[in-house]
Structure formats: C-alpha cells, structure tokens
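Just so you know, ligand 1 is whichever comes first in the structure, and atom 1 is the first atom listed for that ligand. Bear in mind the structure is a predicted one, so any value in this text is a computation, not a measurement.
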Amino acid sequence: MSDFIPGQRWISDGEAELGLGTILNVDFRSVTVLFAASQETRTYSARQAPLTRVVFGSGDHIESAEGVTLTVDDTKEVDGLVIYIGIDAAGEWHELSEAKLSDRMQFNQARDRLLTGQVDRNDWFDLRFRTLHHHHRISQNPALGLAGPKIDLIPHQLYIADEVSRRHAPRVLLADEVGLGKTIEAGLILHRLLLTGRAERALILVPDSLTHQWLVELLRRFAIEVTLLDERQSQAHGEANPFEAGQLILASQQWLFANPHRQSQAEACAWDLLIVDEAHHLDWTPEETGPGYACVERLAAVAPGLLLLTATPEQMGLESHFARLRLLDPDRYHDLERFRAEEAGYVRVAEAIDALDALPGDAAALDTAATVIDDADSRALLDTLADPESDSAQREAARTQLRDQLLDRHGTGRVMFRNSRRHVGGFPERRLHVARLDPPSAYRRVLRKLARDEDSLDELLIETGLDHPDVMLYLDATYRALDDDPLNGEPWWQIDPRVTWLLERLTEMGRDKALVIAHDRRTATDLAEALRVLGGVHAPVFHEGLTLVERDRAAADFADAEDGSQLLICSEIGSEGRNFQFCRHLVMFDLPQHPDQLEQRIGRLDRIGQRHAIEIHVPVFADSPGERLLRWYREGMDAFSAPHGVGSELFDAFGDELAESLLDDEALAEVIDETRALFDAKLAERNAGRNRLLELNACRNERADAVATAIRELDADRALPRYLDQALDIFGVDSQDLGGELLHLRAGPQMLDGLPGLVKGEEGFTATRSRERALARDDVQHLSWEHPLVREIMERILDGTLGNTALALLDHPAIPPGRVLTELVFCTHCPAPTHLHVDRFLPPTAIRVLLDESGANLADKVSFTGLAKNLQKVKKAVARDLIKSRHEQLRDLLTRGESEAERELPTILEAAQSRMRERLDGELTRLQALARHNPSVRQDELDALRDERAALDTAIEGARLRLDAVRVIVTVDKETRR
Ligand SMILES: Nc1ncnc2c1ncn2[C@@H]1O[C@H](COP(=O)(O)OP(=O)(O)OP(=O)(O)O)[C@@H](O)[C@H]1O
C-alpha cells in the first residue's frame, strides 16, 4: 500500500526550493504533488519518489495558510494526516491539520539531521558555506550567463546579447552582416536565458546544411546540448510527439517546412524561444505566403521569444523584410506604407544624433537636434548639453543619455540589430583577381548563336531546358545540355580552360587552402572529377545532393589543418552559413546572379577569425555574358570590395534589364551607369538615415565595455580555483594539472554519479580557466562558474543536504574545555516561479550566527575562515554521543539562533526590494517613454514588466529564513585531544 495520502505535506529532496508540497493524487503507480508556492505540479513514481515527509515536533514553529504562527505542543493523527496542537503568540490554542500549513513553510532539515545525530564531514560544511557565498556573489554579477561561453569578447556581440536577453520574451531580428557572429549572439542569448531560468524550452530551425554546425557550435562554445530531430528519429517516437523528446530541439527547416504533420506536432508544444537561422528564406509577398513563412508564423504566434537571423534581411526585397518584422511584432508592423514613410524620417534622427557632438557652441547643430527632440526629459538634457556654463561631466552624461534616448525612441532599433564591417572595424582586405580566358570553340558557338537574334535564344532555351539568363552565364551547363550535338562529344571539363587555370592557381597557392564555389551542383561534381583526372588533385565536394553526414564529412576533411584536403568544391549551398575562415582563397568558378549571394560566398571566408587578406579569384570568358555580369558587379556597385547591403534593391531595380543586356556592351554600359547612380544614392541615403541609426544602435560601446569588464573580472576570479580544488576533491573527481593552465578532469573511483561530462572508467575532459587557452583548442573546455560541472556541483550542494551538519573540536587557549559553540548558517528562501528569476535580486543569502553557551552571538567577532582553520575533525560515533548528551541545550541554541538571524532578515529583504525596484522601475520608465514614440514597444512587454514587478514584490516580501546548516563546536584542551 502507498505511504502517500492526499493532503499530506512533503518536500522534494532534490528541489527543496519548490517549497512545501501537498499530495494531490495517489494511485498504485504514481503520486502527484502540488508545490503551490512555486506554482509547479510534479508527478513521481510512487515507489521511488524523491520526497521527504514533513512532520514537526514539539517546540517547532509552524505557520498556517492564514498566516498564524504556532508553537507545536503535541500532535495526533486523523485519517493519515497529522493534526498539530499548538499555541499562538496571543496564547490561544489551535488545532491545525497539516493540509492547512502555509505553502511557504520550510522543513528544517539541518536541525532534524543534527538532533538525530546525523553529522557530515567538517570540510563538507566548509564547502557548503563557501558554495552559498559564491552562489550569492555570482547570481548578482551583471555578466551572469555571458561569462561561461567559449568565445572571444567582441563588443558588438556582447552588447546585443546583453540588451536582448534582459528583455521579457525577446523578439528580435539579428541581422549583422555575414560572418559577424549572429550564431554566437543567438547562442549567448539562449545561454543566458537558460542559465537564469527565463527559458527552458527552445526550438531552433536551421537550413539542412547547417544542422551539424549548429549542434557542434552550441556544444563546444556554449556547453548546450540540443536534440537533433529528423524524420527517422521522429518515427522512432511512434505516436508520441517527437518535439517533446527534449527541452532544446534543433531541426532542419527543409524537413519541417515540408511536413505538415510534424509542424502541427511542433505547434502543439510550449516553446519559450524560437530561433530561425537564415530567415531570408522565409518567402512572403503580398500575393503569396511561402510554406516556411507560414510555419514560422504559426510557431511565432505561440512562442513568446523569437530570434530571426539573417545577414541579408532585404534579399527578397523590402516587402519581404517588412514581413519578417511582422513576424516579430504583428501589431507594430501591419502597414507597409507606414513603414516606408517612417524609414524616410530616420535621416533627421541620425542628423540630430550626429549634431549632439557639436554641442555646446554650434547654433545650427542645436537647431538640428531641437527639431527632433520633443519630450520634456530629452529637452532638459539638451539644455544641459547646450549650456556652456554647465559642468563638463554633466554635459558628457547628458550627451550619452540623449543619444541613447534618441536611438531608443526612433527607428527599428529595438527589433533589429545590424552591425557592419565598416562599423566594427578590423576586418581583412578583399583582393579581386580576375582571369580573362578565351572561350573554347564549343562555347563560342553557343555565344554566336545567342548573339544572332531573339529567336535563337528562344530556341536554345527550349533545346537545353535551361532558364534565362542561366543559359548564357553557365556555358558549361549549356554545353552539357546540348549533348545531342556531335561536336560536343567530350566532357565539358576537357575543353574548358578554367580547369587548367584552376590547377595552375592551386600550384601557386602551395599549401594554402582554397574554397571553390560553382553555381551548379553538376559543375561542382564534374570539376572534382576533372581535377582528379587532369591534375591528380583530390577534392571533396559539398552539394545539396549529399546526405548531411556526407556534407559534414566533406567540410571536416577541408577543415582539417594537418591532413585535410587543400580545397573544397561547393555548389551554391556551400555559400551559406558555413565557417571557412581558416582559408583565404576563394575561387568563384562562375558568378551568382544575385548580389546578396555574391556576398554570402565571400562571407564564408570573410568572417570573425580570418587573419589574412582574402584573395578572390574569378575566371571569366572574354566578351562573354559572364564577363558583363562581372562588370556590373564591379562597376555598378563595388560588390567585391565590401558588403554594402543595397545589392538587393539594385537587383530588384535592374535585374531584368541586366539579363537583357548580357549580350550587348552598349546596353550594359547604360545599365551600369544607372545602377551606379542608384547605388550611390541608396548608399548616401542609407548612410544618412536607416543604416546610420542601425549602426549607432547596434553597439553602444559603454554598455559593451561594462559587460566585457564584468566578464574579465569573473575570468580572473581567484576564488574559482580554490573552490574547485575543494569541491572536486569532495565530489571524487580526479584532477590532474597538465601544465600550461590546463587541467584534466576524470571520474575518480568514489565519484558521486551523474556529474556532467564525467563517467566512471571514461577519459573525462581537459579544461582551462584561461579563455585564450580554451579558444585556442577545440578539445579544451572553458572552466568558469558557468561550466555545467561547476553549476551541477553547486546546485547539488544547495539543493541537497551535503554538509548541512557537522561537529568539530576547537582547541583555544582562551576558552575552557567542554564548552559548546554553535555555528548556524541561515539562508533566505524565496519560492517563486523560475521565470521570475528572483535570484537576480534575492539570491539565497547566508546569515551566519555563532552562539556561545550563554546564547551570545559572536559572529561579528569570530570570522568563518578564522574559526574554520582552527577546527579539528572528530570521529562520527564520538560526535553522535556528544550531540546526544547536549540535546536539550542544542534545541535551545537552535531556537535562539533563529531569532538572532530573524533580526537581520528585514534589512536583506529591503535591500532586495530596492534593487528590484530600482532595476524594474528604471526599465518600466524607459519603456513607457519609448512607447510614446516608438511603437515597437509592445503593450504585452509593458504589461509583463508590471506583472513581473508585482510578482517579484510579493515573492520577496514572502521570503523566509531557513536553517541551511549547523556546526557544533566543542572546545577541548590538548590533553583531551590526545
Ligand atoms: N566571439 C567570438 N569568438 C570566437 N569565434 C567567433 C566569435 N564570433 C564569431 N566567431 C566565429 O566566427 C564565425 C562567424 O560567426 P557566426 O557563424 O556566428 O556568424 P554569422 O553572422 O552567423 O554568419 P552568417 O552570416 O554566415 O550566417 C564562426 O566561425 C564563429 O565561430
């Protein structure tokens, strides 16, 4: 028969912070418990439920749900429930069923363990106290959640991650230029949200070709383990919803978007955060919604958090860009025309921001700023800034604040972050090398035919089945398609001079690696064959026809610095998302037709981490459409020198005309002139308006610097190695110093099970506290306070009972032998739903009380460490006897200690309240001010912030103290010890 009866009170052994639970339901298999204080319900197996029954004894204090505190005098049992008989502060007697106890009550484990003679090792008690101390310290660190990942501290990424992850349910477009680290930003945001409990479930949708890269990047850099879901795995779950298989699911977009059944399963789950990479593929036009867009739209409607990633937000045109913004905030982005009009106003805002630098003293600048500034608070700041008499520190503060206010209150800044190379700086030069080759006669025949008249072009299109203008641009494909022609007997690569040209370039490059990209998959595979046959060069190929595993293998072969291949040949899919910055030669075997695609290709190499100038090699056939396309890119928009972000608009304006002029130099010259004029105009317009605002907003240096400094301080925290030494030893982890700041950690024979990354009998892992060392090697983990092993150890200590009782001997000349000191560690306990992240303001806070026999508190006079280093351990049996003999005295001292600690609680709670109010009121004021100007502040954000503040207020007010640990210290003299 089950031991559980509805109404009984139990606490969770592993999650004491849930508060006092009530048995809701019991059947022969399971038991369901409601933890009302933290609004959680849990179901456990009835036979192995990790629960402890809560029963209080005579002298204990209990509290009823109505808030009446009683001192227990006696108990009785009725129908399996304990009835407490106790007296309240006014001297009235009450009977209280356990079912009516307050949900916020704590079961005093340390007290009960001590009084029943269960004592732990003295060093465990030490470790417990230190854990509380460090946990408290780290929980309030402003860099929490950003310090653990194994990344370089790059300001624009830190700024974005910090800004976005502070928000309630962030919904943003991460739109940095290619290779500036959008994946890293998304990883940082996810990491912080997970670490602080603000998110638990996330769905990450990425292109097929990037699933593995994401999986590895999240694991290696962020120590985040995700479940990669595909159709095969989903089927293994049978009827069950495969998206429930893990908290963090990574899936391919192609798979999900093509599969309505799986989509409805994904939609049926509760996600906290949805991440969509390469979001420019989500097609939308006013006439038609693509399946990917529709799927994400439905998921985005139910997931509170949404991160869309794209380097080319406008690749599919402004309308499509607007549609993505609409996914983020449908209320704000509902009218395309209004959006266009708003964009036009950004120029004035950007000019006003720039004008601030000329103040005080410049009357024109003052006018420019004043035309945009229209609220009272901003106007007051402008007055300070314009006043030559004002204090210079005040002026600087006003300038910064005003700039922030202008950025906040105007533009898409809050929903879109876009950093550019120009702004970030420090990126390598790009060098273009064009090889002008003579077309072989077979290609010349095609060109002549094309040049003849329109009818010949139509004929060729029908004959080859190719599209226009592909038939002119990719002559090898046209040649292949004309395989009925007896003159086209040889494989294209036997006649195409680009093959020998490439072999020669490879020889010149020596040991340097090269990435080759061709438009067409067949060109890529044939080219690999050609290089093998004609030059004995082995090259892996990467294209859409390969399985994911085959693609990853090809990429890994290329990435291998020692034995890997010199080159990788990709079709166009290799031009997206992949990290090839270890290589500096890019061969564009042909040219893509869209400027954004050209930028994506270059972006594989021109990424963070690239240390060399990038050599871009392009072979073109003299006087061919390919050469004309190259001219359009170079002369029309400087497409090879740096990303400019207006390619999409140019393509929309001139793509068709260009296709028509690829056979005609005169017509081309006109298209180039027109393209150039529009390019210059767009660039000027962008740089003055939206781009300028986006740039200014994408990284606020003071904030980024503050985060980086906080991270560096945590990196250098000398307390971590000391803490780890002790913790690893106690948890049975063997650690070996490998020199060079490296540490190898392995499970020792006595290790407590279930520590992340460590399994008995297995190798373990190498880690280092040095960020630089960790970054230098893929196989070395970054050991920080946020490392999963350190977090698990801390959580186990804080949630469990390890070290919460101890007994030690003290030999002190000033204290006679046989006296008892009691060292009590109380801890604030604040049950609240995890998403409130109450730890930010009130992390478990220790109050130490050290009582002598008379009940005097010596904590201020005798420090924890001062005392600890003079203590001697004692055998457990002796400790038990000592405790038994002092039972009554200890009970009294425990009660006395409680009232000592209670005296300190109000100050701690007040400080927590004021920290919380300062932060949330500040955010609320800022958001309210923003909402007046910038409709991208959502009403639900404001409401959520108000609700959060109210809920935090209640939670902090309801915080209690619980006895976390107790150590009894008995004084001895040298004689006794001997
Ligand atoms: N802070 C960092 N520390 C170390 N490496 C980084 C950092 N930021 C970016 N990288 C590396 O630079 C490369 C580009 O970063 P990432 O893939 O996040 O860029 P992206 O903006 O998503 O690129 P794309 O536009 O191609 O999708 C990756 O190899 C990434 O690991």
Ion pair check, R521 and E572, cut-off under 4.0 Å: no
Sub-4.0 Å heavy-atom approach of E217 to ligand 1: yes
Sub-3.5 Å N/O-N/O distance, Q600 and ligand 1: no
Residue A311 vicinity, atoms of ligand 1 by number, heavy atom under 4.0 Å: 25 (O)
Polar atom proximity, G181 to ligand 1 (N or O, under 3.5 Å): yes
Residue portion contacting ligand 1 (non-hydrogen atoms closer than 4.0 Å) for R607: side chain
Residue part near ligand 1, for I608, under 4.0 Å between non-hydrogen atoms: both
Lys/Arg N to Asp/Glu carboxylate O, K513 vs D557, below 4.0 Å: no
Residue portion contacting ligand 1 (non-hydrogen atoms closer than 4.0 Å) for E185: neither
Heteroatom distance test (Q213, ligand 1): nitrogen or oxygen, under 3.5 angstrom: no
Enumerated ligand 1 atoms positioned under 4.0 Å from heavy atoms of E278: 27 (O)
Heteroatom proximity flag, I184 to ligand 1, N/O under 3.5 Å: yes
contact_flag I154 ligand 1 heavy-atom lt 4.0 Å: yes
For Q581, the ligand 1 atoms whose distance to one of its heavy atoms is below 4.0 Å: 11 (C), 12 (O), 13 (C), 28 (C), 29 (O)
Plane angle bin for F222 and H191 - parallel if under 30°, tilted between 30 and 60°, otherwise perpendicular: tilted
Contact (N/O only, under 3.5 Å) between D277 and ligand 1: no
Atoms in ligand 1 with a heavy atom of R221 nearer than 4.0 Å: 4 (C), 5 (N), 31 (O)
Inter- and intrachain pairs under salt bridge (Lys or Arg N to Asp or Glu O under 4.0 Å), touching residues 608-618, at least two apart: R431-E615, R584-E615
R777/E741 ion pair, N-O < 4.0 Å: no
Expected output: side-chain Q566 to main-chain G510 donor-acceptor under 3.5 Å: yes
Numbered atoms of ligand 1 (with element) below 4.0 Å of I151, judged on heavy atoms: 1 (N), 2 (C), 3 (N)
Sequence neighbours excluded, every pair satisfying salt bridge (Lys or Arg N to Asp or Glu O under 4.0 Å) that has a member inside residues 179-197: D162-R192
Element-labelled atoms of ligand 1 that are located less than 4.0 Å from some non-hydrogen atom of R604: 26 (O)
Partner of S571 by side-chain hydrogen bond (donor to acceptor under 3.5 Å, both in side chains), out of E544, H543, H519: E544
G179 N/O under 3.5 Å from ligand 1 N/O: yes
L228 and D230, any side-chain heavy atoms less than 4.5 Å apart: no
Check: H585 and R505 side chains under 4.5 Å, non-hydrogen atoms: no
T183, N419, V178: member with heavy atom nearest to atom 18 (O) of ligand 1: T183
Evaluation steps, ring pair (Phe, Tyr, Trp, His ring centres under 6.0 Å), between F257 and H281: CA-CA 11 Å; F257 295 167; H281 292 310; 9.7 Å; no
